[in-house]
Amino acid sequence: MAVEMNKKPNWLRAGNERVLIAGPCSAESEIQVMSTAAEIKKSNPNAIFRAGVWKPRTRPGLFEGVGLPAFEWLKKVRNELGLRVATEVALPWHVEAALKNNIDFLWIGARTTVNPFMVQELAEVLKGVDIPVLVKNPVHPDLQLWLGGLERFKRAGISKLAAIHRGFYTFEHSELRNIPRWELVCELMSTVPEIPIICDISHIAGSTRFLQMIAQQAVDLDMDGLMIETHIHPAKALSDSQQQVTPDELAEILSRLSKRNPLFTEEVILSKMSHIRAKIDELDKFLLQTLSDRMDLAKDIAELKKEHQVSVLQLERWRVVIEGCMHKADEMGLYKEFIRNIFIQIHDESIRIQSAILSGKAEELS
Ligand code: PEP
Ligand code: MN
């Protein structure tokens, strides 16, 4: 997957190549592992081959991976096909077994990153071993927990660390299995710019039909690589069958990705760009002034409510405001969810200000 460089090179993404991690959700049999790996290799000779040896399943009794015998197959992938191999570890003895069997990359699953005790135990057994460790985001959107997981391995002396973005669980309805919350990825990138970040598009998508779109979004954000679950016969997969692609489909997804130039270079375009950006800066100032004016009005209302001992929350008024805004947003062609989220935030802030005034703590507002 040759693409133009934007970010600084890092240990995972040398030169112009983004890394590709492909392979089945679970290692199921020698033939499934070897045939998938051989096919992936044909169009991606530098791919890292992934396969789950142990699978964290929501309910017991589902396929939980074949365990230790799978290492023999991964060794064959490494020795006979020359691909580097990666697997998930969740317990200290998983790490020991993976190290004994020459696994090249370890990844920490989303259900492990949520638990600092478990992450710390894994970090302890890795002290003094410099194997690359890839830390998936926790199941829920908690950036600090994700950063905390990375930090625990860093403190244990792991120098080749990367993050894997696999999306976040949500209560809200979504066609995706896990919502991407790209803003958290941007925040991770700016907090730890030295840590490469791979997008696990399969666990975000949950279904093959969204893979292309999510892969493109990851490239648009200049992420350092993609993890894509690939199975020689997805319909027969023992786990995550809906989201796995065949090696041919994998090649197709990669070939359809639009490349992005790292920066604007032509003078004319640069000048057009700075013209648009100047207008955006003006509008941003205007937005801020408008928000400030709006909050001043909330303060006036709070004074009236205080004087007449009226409660802060007026549900009927809020309903009218939000419905009016949604209607207007629709007319203006704005994405309704986006506007709803903004107005929920504005209303929250207005309530915060008004509550402070009603309880006589206006001086604590900042
Ligand atoms: C996996 O990669 O197969 C897996 C179990 O992922 P996650 O930890 O992201 O759910
Ligand atoms: Mn999976």
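We count ligands from 1, going down the list as the structure has it; atoms in each ligand are counted the same way. Along the sequence shown, residues are numbered consecutively beginning with 1.
Considering backbone and side-chain atoms together, E88 places no N or O closer than 3.5 Å to any N or O of ligand 1. Checked against a 3.5 angstrom limit, the closest N/O atoms of A110 and ligand 1 fall inside it. Residue D200 has no nitrogen or oxygen atom sitting less than 3.5 Å from a nitrogen or oxygen atom of ligand 1, judged on distance alone. The shortest N/O to N/O separation between K136 and ligand 1 falls below 3.5 Å.
Contact check on E364 versus K361 returns no salt bridge, with no Lys/Arg side-chain nitrogen under 4.0 Å from an Asp/Glu carboxylate oxygen. The residues K328 and E331 are annotated as salt-bridged, a charged nitrogen and a carboxylate oxygen being separated by less than 4.0 angstrom. Ion pairing between R50 and E229 holds under the 4.0 Å rule for side-chain N and carboxylate O. Using a 4.0 Å cut-off between charged side-chain N and carboxylate O, R260 and D222 make no salt bridge. With respect to D284 and R277, no salt bridge is recorded, no charged nitrogen being found less than 4.0 Å from a carboxylate O. Between E323 and R319, at least one side-chain N (NZ, or NE/NH1/NH2) sits under 4.0 Å from a carboxylate O, which counts as a salt bridge.
For the pairing with H203, the side-chain hydrogen bond (donor to acceptor under 3.5 Å, both in side chains) check across H165, Q243, R166 returns one residue only, Q243. Put simply, the residue from R78, R84, K160 that forms a salt bridge (Lys or Arg N to Asp or Glu O under 4.0 Å) with D104 is R78.
Closest to atom 3 (O) of ligand 1 among all protein heavy atoms lies K55 NZ, 2.7 Å. Residue, atom and distance of the protein heavy atom nearest to atom 10 (O) of ligand 1 are R166 NH2, 2.8 Å.
Taking a 4.0 Å cut-off on heavy atoms, M227 fails to register as neighbouring ligand 1. Within the structure, the closest approach of G52 to ligand 1 does not fall below 4.0 Å when heavy atoms are considered.
Note on the Mn ion (ligand 2): protein N/O/S atoms under 2.8 Å are C25 SG, H203 NE2, E229 OE2, D240 OD2.
The environment of NE2 in H140 is crowded: more than 12 heavy-atom neighbours from other residues, nucleotides or ligands sit within 6.0 Å.
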